Amino acid sequence: MDRLYVTNIWVDNGCLYAETNEGKIASYDLKKEFPGFRHATQQQMHNFQVGYAGIHWPDLDEDINLESMFYDNHLCQLTRGEDSVIYRPIPESHDIVAEPMP
């Protein structure tokens with residue numbers, strides 16, 4: 001199975017974006033496509049948690065599966081386990097420990 005690795009997720013002007021390490025970007029207009037976001041404030045929309053395969057908005061009790069998002073944008077196929085698209089952020093430079101020089 002080909003797997004997509006999402007490295008960046010953000011909300012801008014009411015739209016949700018998710019970008020893979022290969023530069024593929026899937027998006028949703030949250031207020032148009034999901035009733036739970038229609039009356040959400042910008043603060044509520046920006047308060048989300050990202051897990052292995054999805055995004056959760058605790059203030060709104062809303063969830064979006066990454067595979068479904070990329071499937072809806074015609075960027076992947078659906079799988080039985082819904083895990084062909086997973087979140088794997090790029091480590092910050094200070095998170096990488098260099099090997100000591102000989």
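Computation of the quantities below employed the complete heavy-atom set of this structure, encompassing side-chain atoms and omitting hydrogens, waters and symmetry-equivalent molecules. For clarity, every value in this text was computed on a predicted model and none was experimentally measured.
- Partners of P35 under the side chain to side chain contact (heavy atoms under 4.5 Å, CB included) rule, at least two apart in sequence or in another chain, are R38.
- Of the possible polar contacts, one joining the E67 side chain to the T79 backbone as a donor-acceptor pair under 3.5 Å is found.
- Within 6.0 Å of atom CD in Q42, more than 12 heavy atoms from other residues, nucleotides or ligands are found, so the atom counts as buried in its surroundings.
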Problem - Worked check of side chain to side chain contact (heavy atoms under 4.5 Å, CB included) between N8 and W10 - result: CA-CA 7 Å; N8 192 16; W10 70 99; 3.5 Å; yes
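- For H56, the side chain to side chain donor-acceptor pair (under 3.5 Å) criterion is met by D63, not counting sequence neighbours.
- Contacts of D59 classified as side chain to side chain donor-acceptor pair (under 3.5 Å), with partners at least two apart in sequence or in another chain: N47.
- Under the side chain to side chain contact (heavy atoms under 4.5 Å, CB included) criterion, D29 pairs with C15, K31, K32, E33, not counting sequence neighbours.
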Please list, one pair per line, the donor and acceptor atoms closer than 3.5 Å that link side chains of residues 17-25 to other protein atoms, with sequence neighbours excluded.
| unit_1 | atom_1 | unit_2 | atom_2 | d |
| --- | --- | --- | --- | --- |
| T20 | OG1 | E22 | N | 3.2 |
| T20 | OG1 | G23 | N | 3.3 |
| T20 | OG1 | K24 | N | 3.1 |

Practice task
Step by step, work out the side-chain hydrogen bond (donor to acceptor under 3.5 Å, both in side chains) result for Q77 and S84.
Solution key: CA-CA 8 Å; Q77 299 293 316; S84 70; over 6 Å; no
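- Under the 4.5 angstrom side-chain criterion for Ile, Leu, Val, Met, Phe, Trp and Tyr, the cluster partners of W57 are L4, V6, I9, V11, L16, Y28, L30, F34, F37, M45, F48, V50, I55, L60, I64, L66, M69, F70, L75, V85, Y87.
- The two atoms that bring H39 and Q44 nearest to each other are O-OE1, 4.3 Å, heavy atoms only.
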